[in-house]
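Okay, structure first, notes after.
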Amino acid sequence: MVKVTLPDGTKKDFEDNITIGEVASNINSKIKEGALAGRADGVLVDLNYPIKDDISLSVITEGTQEGLEILRHSTAHIMAQAVCRLFPGVKLGIGPTIDNGFYYDFDCSHHFTTEDLKKIEDEMSEIIKENLCFERTEVSRDYAVKEMEKSGQPYKVELIKDIEDDTVSFYRQDEFVDLCRGPHIQKTSKVKAFKLLSVAGAYWRGKETNPMLQRIYGTAFFTNEELKLYLKMLEEAEKRDHRKIGKDLDLFSFHEDGGAGLTFWHPKGARMRSIIEDFWRQEHFKRGYDILYSPHIAKINLWKTSGHWDFYRESMYSPIDVDGHEYILKPMNCPFAVLMYKTKLRSYRDLPLRWGELGTVYRYERSGVLHGLLRVRGFTQDDAHIFCTPDQLEKEILNVIELAQFMLSSFGFNEYEIELSVRGKGEKEKYIGKDDVWDHAENSLKIALDKLGLKYVRMEGEAKFYGPAIDIKVKDAIGRGWQGPTIQVDFNLPERFDVNYVGSDGYHHRVVMIHRTVMGAMERFVGCLIEHYAGDFPLWIAPIQIRILSITDAQIEYAKKLQTQLLLKNFRVECDTGSNKIGYKIREGTLQKIPYLLIVGNKEMQEGLVAVRSRKNGDEGVLPVQDFISRVEEEVREKK
RNA sequence: GCUGCUGUAGCUCAGUGGUGGAGCACGUCCUUGGUAAGGACGAGGUCAUGGGUUCAAAUCCCAUCAGCAGCUCCA
């Protein structure tokens with residue numbers, strides 16, 4: 001007899017070698033129906049796993065995250081089987097589950113096309129219909145290597161050789177065998193809703209020097225409804241694409257003649273950006289920051305002193321010759337702030353110095369990584385450098401986090417994940433700076449997070465060589481994550497530039513430098529905002545807030561007068577006094593996602609009214625001009 | 001940078017080894033209308049760039065530039 005302990009604490013006795021599946025059927029009909037695999041003493045196993053000793057067991061069922069992952073993993077195997085059937089001789093890479101789906105890598109002389117994906121899907125449906133069993137076998141590692149060599153699977157051989165256990169497991173469906181830890185669903189017919197999504201190149205084991213394989217991405221769900229919902233979500237994400245919206249709303253462009261990754265901000269995009277920057281500056285001034293402006297290029301020597309020339313060269317543009325001296329386009333703003341700090345002797349009484357800078361930097365990014373506004377080669381960081389004493393560090397970090405939270409919530413980002421990157425254990429040579437200084441800095445970051453009651457993940461070994469950091473990942477309106485604020489303590493630059501302050505003891509002490517952004521970069525932030533709001537910006541950010549539409553030519557003068565009146569109140573207003581019908585003008589204004597369309601005909605003109613059509617509510621009827629102004633002023637104030 | 005795909009009017013996209021098309025946008029005119037597209041006419045292109053194959057190339061081949069999906073890397 002074996003004793004099985006279930007998650008709710010109940011213990012039951014069963015005969016030896018009873019399988020997980022049989023135990024599951026014994027619990028209740030719901031679990032029996034939905035059982036996919038089990039977790040036996042913490043280890044994932046198949047349903048037909050025989051129980052030999054007393055264990056604690058939880059049954060993994062459909063509708064759970066773990067269940068979904070197993071389903072997707074099995075679907076990946078089915079896909080690989082289909083590919084092997086259709087393209088004999090294909091070599092298999094790996095086929096794991098990922099967020100939202102799975103992929104499998106193949107080495108195949110034939111290049112997969114979208115038509116191939118359809119064929120593969122059809123073959124998969126065939127395999128599902130055949131209702132094949134996933135059978136697990138365990139063999140010795142040496143035997144496995146020989147088998148895989150025999151069947152011409154060099155990547156599998158490599159994988160097996162890297163496994164430390166003496167035995168390895170395989171899963172077989174009919175003619176298809178794959179190295180796999182498992183667990184899997186029992187029969188292929190469990191797969192009810194799947195779709196292959198795309199194919200793209202991927203390096204074997206993610207290494208650039210390795211051969212490139214073809215990766216097919218797909219996804220699977222327990223029901224067709226869930227699959228449809230997911231595909232709809234993908235469509236929704238596509239609709240929010242900032243590159244498309246940016247074009248439609250005339251915000252920015254890129255040019256072959258300008259250069260890849262170099263943004264051209266059109267009037268409306270530039271207007272948005274300047275609104276954000278004005279807001280940024282005001283909020284910084286309120287919090288005791290000053291702002292700086294620094295040059296775009298500097299002599300190469302500065303970059304040698306800072307260490308960028310040695311450690312960051314691959315991201316920097318080549319030197320520019322100026323009268324026989326070499327200058328470099330700046331990839332970062334920090335050395336400039338340091339130079340300005342060092343223009344005089346600073347006392348501890350002067351600290352902290354909080355110096356912000358909307359600094360435009362240029363970095364060489366490999367051509368394949370460029371992506372709209374989100375990854376560019378020239379961008380403006382909302383940078384700041386805080387020079388402080390070690391004692392002030394914690395308070396400064398706290399202030400920065402609060403500022404970051406304030407900025408994010410102002411733009412409608414209310415959910416985020418926080419990472420604390422600290423140095424790894426036992427690799428001291430990787431990091432500059434003394435242990436006690438690191439301890440102090442890491443501690444200050446931690447205490448600041450704790451004081452604010454923020455949850456965070458501690459990332460061991462993720463710190464840069466020059467100091468620990470806090471990274472904030474924000475979630476947008478449809479749940480996607482974006483790199484947001486970063487707060488970085490820097491031990492490197494104060495050291496390299498010998499940056500000091502005079503303490504109360506009259507001696508010089510090394511200053512502590514914090515490097516931070518609260519939005520990241522203007523380009524990326526605006527790109528992210530576009531996708532977050534799907535181009536439907538809140539009134540205070542919208543590049544055009546109001547458009548006045550005349551019904552006939554008789555109201556042109558009234559419309560212009562209204563426009564002037566609103567412009568004087570600091571609103572961003574356009575007039576559409578063309579000869580199109582009102583329905584047409586409304587359509588145009590709506591497609592441009594303008595928050596307020598004011599329709600003026602003779603009725604409104606005679607009584608000093610406007611007919612308000614808001615983006616949120618449509619036709620709202622007429623209002624006296626003054627009432628409308630109060631309303632939108634309020635809306636701007638509240639950043640709704 | 002790598003793998004694959006793509007580049008035709010301002011935009012979205014048809015198209016074919018033999019004198020380049022549509023819809024929308026744009027311009028002019030008619031129309032002056034009441035909450036998501038009124039009508040007519042017109043202008044617009046070295047078919048990304050540079051080579052090659054061919055009697056003939058926008059079409060086929062190569063290179064370059066740029067874009068897209070990923071890999072790798074980052075604000």
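Worth saying up front: this structure is predicted, and the values here are computed from it rather than measured. Side chains are part of it too, since the values below use all heavy atoms of this structure and drop only hydrogens, waters and symmetry mates. Each chain gets a letter, A, B and so on, in the order its sequence line appears, and its residues count up from 1.
Counted within 6.0 Å of CD on Glu158(A), heavy atoms from surrounding residues, nucleotides or ligands total more than 12; the atom is thus considered enclosed. The local environment of CD in Glu415(A) is sparse, with at most 12 non-hydrogen atoms from other residues, nucleotides or ligands closer than 6.0 Å.
Within the 4.0 angstrom heavy-atom criterion, base atoms lie near Arg524(A). When heavy atoms are screened at a 4.0 angstrom cut-off, Gly201(A) is found touching base atoms of the nucleic acid. Residue Asn602(A) is classed as a base contact, given a heavy-atom separation below 4.0 Å to a base. Gly601(A) comes within 4.0 angstrom of a base, heavy atoms only. At a threshold of 4.0 angstrom between heavy atoms, the contacts of Ala554(A) with the nucleic acid are absent. Within the 4.0 angstrom heavy-atom criterion, only backbone atoms of the sugar-phosphate kind lie near Tyr217(A); the bases stay farther away. At a threshold of 4.0 angstrom between heavy atoms, the contacts of Ile582(A) are confined to the sugar-phosphate backbone, with no base atom among them. As judged by a 4.0 angstrom heavy-atom cut-off over every strand, Arg243(A) is placed among residues touching the sugar-phosphate backbone only. Looking at heavy-atom distances under 4.0 Å, Gln555(A) makes no contact with the nucleic acid at all. If you check every strand for non-hydrogen atoms under 4.0 Å, Gly368(A) touches a base. Within 4.0 Å (heavy atoms only), Glu523(A) reaches no atom of the nucleic acid at all. No engagement by Lys244(A) is indicated, since no non-hydrogen atom pair under 4.0 Å with the nucleic acid exists. Using a 4.0 Å heavy-atom distance criterion, Thr517(A) is classed as making no nucleic acid contact. In this structure, Val376(A) reaches the bases: a heavy-atom distance under 4.0 Å links it to at least one base atom across the strands shown.
Base-pairing analysis of RNA chain B finds the following stems of at least three consecutive Watson-Crick or G-U pairs, with both pairing distances under 3.5 Å: B:1-7 with B:65-71, B:10-13 with B:21-24, B:26-30 with B:38-42, B:48-52 with B:60-64.
Ring orientation note: the planes of Phe252(A) and Phe254(A) are nearly perpendicular, at an angle over 60° on the 30°/60° scale.
The nucleotide range of RNA chain B contacted by chain A, defined by atoms under 4.0 angstrom from heavy atoms of the protein and reported 5' to 3', is G1(B) to A75(B).
Although no hydrogens or angles enter the test, the distance criterion places a donor-acceptor pair under 3.5 Å between the side chain of Arg240(A) and the main chain of Glu531(A). At distances below 3.5 Å, not a single donor-acceptor pair connects side-chain atoms of Glu523(A) with backbone N or O atoms of Arg375(A). In this structure, Asp576(A) contributes its side chain and Leu549(A) its backbone to no donor-acceptor pair below 3.5 Å. A donor-acceptor pair under 3.5 Å is absent between the side-chain atoms of Asp248(A) and the main chain of Ile245(A), judged by distance alone.
Here the separation of C24(B) from G39(B), taken at their P atoms, is 9 Å to the nearest Å. Using C1' as the reference atom, U19(B) and A56(B) are 12 Å apart when rounded to the nearest Å. Across C61(B) and C73(B), the matching P atoms stand 34 Å from one another, rounded to whole Å. The same atom, C1', is picked in U54(B) and in A40(B); the two are 46 Å apart, to the nearest Å. The separation of G34(B) from A48(B), taken at their P atoms, amounts to 46 Å, rounded to a whole angstrom. The gap from the C1' atom of A25(B) to that of G42(B) amounts to 14 Å, rounded to the nearest Å. Look at the P atom in both U46(B) and G21(B): the space between them is 15 Å, to the nearest Å. If you take atom P in A63(B) and the same atom in U3(B), they sit 11 Å apart, rounded to whole Å.
Arg631(A) and Tyr596(A) share a donor-acceptor pair across their side chains, judged by distance under 3.5 Å alone. For the residue pair His385(A) / Asp490(A), no side-chain donor-acceptor distance below 3.5 Å is found, with atom types taken as modelled.
Two residues, Lys603(A) and His255(A), neighbour RNA chain B, and the one matched to the more 5' nucleotide by heavy-atom proximity is Lys603(A). Each of Gln483(A) and Leu591(A) was matched to the nucleotide of RNA chain B holding its nearest heavy atom; the match closer to the 5' end belongs to Leu591(A).
Here G44(B) is in the syn range [glycosidic angle within 90° of 0].
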Practice problem: Apply salt bridge (charged side-chain N to carboxylate O under 4.0 Å, His left out) to the pair Glu417(A) and Lys473(A), showing each step before the final yes or no. | Solution: CA-CA 5 Å; Glu417(A) 284 166 11; Lys473(A) 304 236 183 319; over 6 Å; no

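Note that the NZ atom of Lys585(A) and the CD1 atom of Ile599(A) stand 10.0 Å from one another [nearest 0.5 Å].
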